[in-house]
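Here's the structure, in structure tokens; my notes come after.
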Amino acid sequence: MSRILFATSEAHPLIKTGGLADVAGALPIALQNLGCDIRIVLPAYGDVLERYKSLETVAEFYLPGTAGKIILRATQLSDSTVKVLLVDHPAAFARKGNPYVDEHGEPWPDNAERFTLFCKVIQLIALDQVQLDWKPDLVHCNDWQSALVPALLKQIPSAPPSLFTIHNLAYQGLFPQSTFNTLGLAPALWAPHALEFHGHLSFIKGGLVFADRINTVSTQYAKEIQTPELGYGLEGLLQHRQHVLSGIVNGIDGAVWNPQTDTLISQNYSSTTLSKKKVNKLALQKLYKLPANKDALLLGFVGRLVEQKGIDLIIELLKTIEDLPIQFCLLGTGDKQYQQTLTKIAKQNPNQVGVNIGYNEKLAHQIEAGVDVFLMPSRFEPCGLNQLYSLRYGTVPIVHNVGGLADTVIDTTPETIKNNTATGFVFNQPTIEALRQSVDQALEIYTKSRTWQKLMKNGMKAQFTWEKSAKEYLNLYHEILKAQSTRQYTSYQNYQFNGRTGF
Ligand code: ADP
């Protein structure tokens, strides 16, 4: 039975800002079900400590160069027996609010120090140096907040190997060189073939350069990040490591996202009782103060209001719907500019547009269950979860042909209608014209109720389970462990990049 330490900066339901939390809240349970002895390690944020009062203390220790004691506390993930180790160091993590940004949306000024501390603690756990009497065979790191771990582990011959998962390459953990000098990291790590990135410290390079294997959350995104368009200047490094880079699409947590059992929606339904979905539509229209109208095509969006998600395209679309039988409801937070523009549009057109600025788990479920169409015009999308939830809820997604959206939604064409594979609408260019064309196509097919039902049912049949994805992760772990047992230790000073620099 493989022992896996799963390092993450968020995990549902303890703390969530985005898709990583959904992955970290479900994949470890699926891996445990497949026989892994898996433990999650997560910072003990203020909000987590406040909600989880009776935590067990499992270790106490000091880190060289860090003032104050570090306490490892433990809880369990949801109803499972997956252990969560919480790194409790109040100066770094006990503040209230978002894990990464302050109340003005600005990154916490000490993020580099906070997540370096997190990574150093993970290193100690990985080496079994905190008296847990448990040494992982492999450390699975996720995104930049835990990306220094592979670099730290590569310094030590007896350290376990690591897997680094990229959930979003746009977030890299970049800091000035002066910050690097204060973090107590090995000076040799300041090099273009290590953590340096054009004169800055890049956390994510710790994972991209030093992890034994790298994966991302869809096959398509694994290819896209090797191109200048989506590689953020890291495409050279990723091309160089393409032999250890792969994609595994995320699953969805069937216990949380299932229209048959979802307790957060007005009316449960399944693919055999689809007409009941309309009850959720009417409830949603009421909630958003839109006119009750079963026949209007109700579009929805849930997510971060940032450029990545194509919010500008949605805004442009909303300016063109006045003469159409369309309604739209949105839930999200993000850039102030988008929030203001969307709120203004809703005020100007209250019969067609409803906007809720905020984070609301229950409303997210109600939207998935209530709308006819879910919009995801993302400029890039590593995996995307909402299109998967939509498919599960018989809600037809309209998506841009990128990343995980391309991997998971099948466009509606005469052929895919005929062979019962069509699940949504996929457009190729991130332009308002292309989005509008898909919306027009959806409007047309929506009037053909039998074909529309086909799309809904095809989507509901699609299997994006964590069990399936977890099996792929397990294979990847086994490959890493197998390679590790036959390979000699290479210290990072010996890493060769065929003369390439400037990664
Ligand atoms: P990303 O990780 O880029 O934010 P994903 O689609 O992978 O996007 O995952 C986003 C997750 O966060 C989904 O589960 C989505 O429902 C949820 N989410 C995003 N914004 C909100 C919000 N305002 N209220 C409730 N849930 C939200």
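Values reported hereafter were calculated over all heavy atoms of this structure, with side chains retained and with hydrogens, waters and symmetry mates removed. Residue numbers count from 1 along this sequence. Order of listing sets the numbers, starting from 1, for every ligand and every atom in it.
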Inset, instruction - Note the single closest protein heavy atom to atom 27 (C) of ligand 1, along with its residue, its atom name and the distance in Å. - result: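 So the nearest neighbour among protein heavy atoms is Y359 CE1, 3.4 Å.
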Inset, instruction - Could you check atom 19 (C) of ligand 1 against the protein and tell me its nearest heavy-atom contact, residue, atom and distance included? - result: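 Atom 19 (C) of ligand 1 sits closest to the protein heavy atom G303 CA, 3.7 Å.
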Any donor-acceptor pair under 3.5 Å linking the side chain of [X] with the backbone of [Y]?
| X | Y | value |
| --- | --- | --- |
| R241 | I214 | no |
| Y45 | N98 | no |
| E229 | I225 | no |
| S218 | P382 | yes |
| D102 | E106 | yes |
| D143 | H167 | yes |
| T465 | K468 | yes |

Legend entry - Under-4.0 Å salt bridge between R392 and E368: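 Result for this pair is no, no salt bridge flagged.
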Legend entry - R95/D110 ion pair, N-O < 4.0 Å: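 D110 and R95: salt-bridged.
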Using a strict 4.0 Å cut-off to heavy atoms of [X], name the atoms of ligand 1 that fall inside it.
| X | value |
| --- | --- |
| A364 | 25 (C), 26 (N) |
| G358 | 22 (C), 23 (N) |
| K309 | 1 (P), 3 (O), 8 (O) |
| G18 | 2 (O), 4 (O) |
| G332 | 23 (N) |
| G384 | 6 (O), 7 (O) |
| N360 | 24 (N), 25 (C) |

Between [X] and ligand 1, does any nitrogen or oxygen pair lie at a separation below 3.5 Å?
| X | value |
| --- | --- |
| K16 | yes |
| G19 | yes |
| L385 | yes |
| R304 | yes |
| W257 | no |
| N386 | yes |

Inset, instruction - Pick one of side chain, backbone, both or neither for how D22 approaches ligand 1, counting any non-hydrogen atom pair under 4.0 Å. - result: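 D22 to ligand 1: side-chain contact only, backbone stays beyond 4.0 Å.
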Inset, instruction - Pick one of side chain, backbone, both or neither for how H167 approaches ligand 1, counting any non-hydrogen atom pair under 4.0 Å. - result: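 None of H167 does.
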Inset, instruction - Begin with the C-alpha distance, continue with both residues' side-chain angles, and end with the deciding distance and a verdict on salt bridge (Lys or Arg N to Asp or Glu O under 4.0 Å) for E433 and R436. - result: CA-CA 5 Å; E433 292 78 21; R436 178 61 202 264; over 6 Å; no
Inset, instruction - Give a yes-or-no answer on whether the side chains of H365 and D262 include a donor-acceptor pair shorter than 3.5 Å. - result: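 Their side chains do contain a donor-acceptor pair, which is all the 3.5 Å distance test asks for.
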